[in-house]
Amino acid sequence: MSDTLPACPECNGAYTYEMGALLVCPECAHEWSPEAEAAAESERVVKDAVGNVLADGDTVSIVKTMKVKGAQSALKAGTKVRNIRLVEGSGDHDIAAKVDGFGPMELKSSIVKKI
C-alpha cells in the first residue's frame, strides 16, 4: 500500500496510510490532505519587483546592479534575461535562467522587472 502513497512531507517516512480523506505518517504523526497540497503547489504565484506576475519563458531585466560571486564584473541594471524558468530554488531564489556573459544562474524575483 505504501508503494502508491507519497512519502511524508515532514519526515520523508515511507509508511504513510490513508485515514478518511487524510494521509497520516505513523512515524511523526503528521496528517495532510493530498488535494490541498496539490492545490497549494498550483497556486504559487511569482511576482517581479513592481508586482507583475511572472511565468515560464518571460523576458525580464535586472533592476539594480548586483555583485556575482566568483565573477570579475557585476551584473548591471538593465541587463536583459530571456526565457526564464520559475523554480523552487535555494533560499528565495525562484528564477533559473542563462544570463549572457555569466552563464546559468538563479535570481531572486525581487531584483527583476518583466519586459
Side-chain angles (χ1 to χ4, degrees):
M1 179 148 107
S2 63
D3 294 337
T4 60
L5 296 175
C8 175
E10 293 290 316
C11 70
N12 290 326
Y15 301 109
T16 58
Y17 63 90
E18 290 182 278
M19 185 174 70
L22 297 175
L23 295 176
V24 181
C25 176
E27 295 175 6
C28 69
H30 178 67
E31 297 178 355
W32 73 98
S33 171
E35 292 85 19
E37 187 175 290
E41 289 178 8
S42 66
E43 292 177 10
R44 182 173 167 258
V45 177
V46 177
K47 294 185 178 184
D48 67 1
V50 293
N52 298 322
V53 177
L54 297 173
D56 286 344
D58 282 346
T59 299
V60 296
S61 67
I62 307 295
V63 294
K64 68 179 192 177
T65 302
M66 61 179 232
K67 295 179 182 177
V68 178
K69 194 176 203 177
Q72 294 178 354
S73 61
L75 190 57
K76 300 209 182 230
T79 303
K80 288 186 181 179
V81 181
R82 293 180 177 86
N83 198 19
I84 65 169
R85 290 179 292 120
L86 302 179
V87 296
E88 290 286 335
S90 57
D92 52 355
H93 293 79
D94 46 11
I95 298 173
K98 282 187 180 176
V99 180
D100 291 339
F102 289 92
M105 62 176 29
E106 290 185 350
L107 302 169
K108 294 181 181 181
S109 60
S110 61
I111 65 151
V112 299
K113 179 182 171 187
K114 186 175 180 177
I115 296 179

(request) Report the residues that fulfil side-chain contact (heavy atoms from CB on, under 4.5 Å) with Asn83, sequence neighbours left out, ordered by chain and then residue number. (result) none
(request) Would you check if Cys28 and Cys8 make a side-chain contact, meaning some heavy-atom pair closer than 4.5 Å? (result) yes
(request) Side-chain contact test, heavy atoms from C-beta onward, threshold under 4.5 Å: evaluate it for His30 versus Cys11 and give yes or no. (result) no
Identify each donor-acceptor pair in which a side-chain atom of residues 91-111 lies under 3.5 Å from a protein atom, sequence neighbours left out, and give them as a table.
{"from": "His93", "atom 1": "ND1", "to": "Ser90", "atom 2": "O", "distance (Å)": "3.1"}
{"from": "Asp94", "atom 1": "OD1", "to": "Ser109", "atom 2": "N", "distance (Å)": "3.1"}
{"from": "Asp94", "atom 1": "OD2", "to": "Ser109", "atom 2": "OG", "distance (Å)": "3.3"}
{"from": "Glu106", "atom 1": "OE1", "to": "Ser90", "atom 2": "N", "distance (Å)": "3.4"}
{"from": "Glu106", "atom 1": "OE1", "to": "Ser90", "atom 2": "OG", "distance (Å)": "3.4"}
{"from": "Ser109", "atom 1": "OG", "to": "Lys47", "atom 2": "O", "distance (Å)": "3.2"}

Give every donor-acceptor pair under 3.5 Å between a side-chain atom in residues 63-74 and any protein atom, sequence neighbours left out.
{"from": "Thr65", "atom 1": "OG1", "to": "Ala77", "atom 2": "N", "distance (Å)": "3.3"}

(request) Can you sort out the partners of Lys113 under salt bridge (Lys or Arg N to Asp or Glu O under 4.0 Å), two or more places apart, ordered by chain and number? (result) none
(request) In plain terms, say whether Lys114 and Asp58 are close enough for a salt bridge, that is, a side-chain N and a carboxylate O under 4.0 Å apart. (result) yes
(request) Check Ile84 against Val81 and note the closest heavy-atom contact, atom names and distance. (result) CG2-CG1, 4.0 Å
(request) Give the minimum heavy-atom separation between Thr16 and Ala7, together with the two atoms involved. (result) CG2-C, 4.1 Å
(message) Please enumerate all residues that pass side-chain hydrogen bond (donor to acceptor under 3.5 Å, both in side chains) together with Asn12, with sequence neighbours excluded.
(response) none
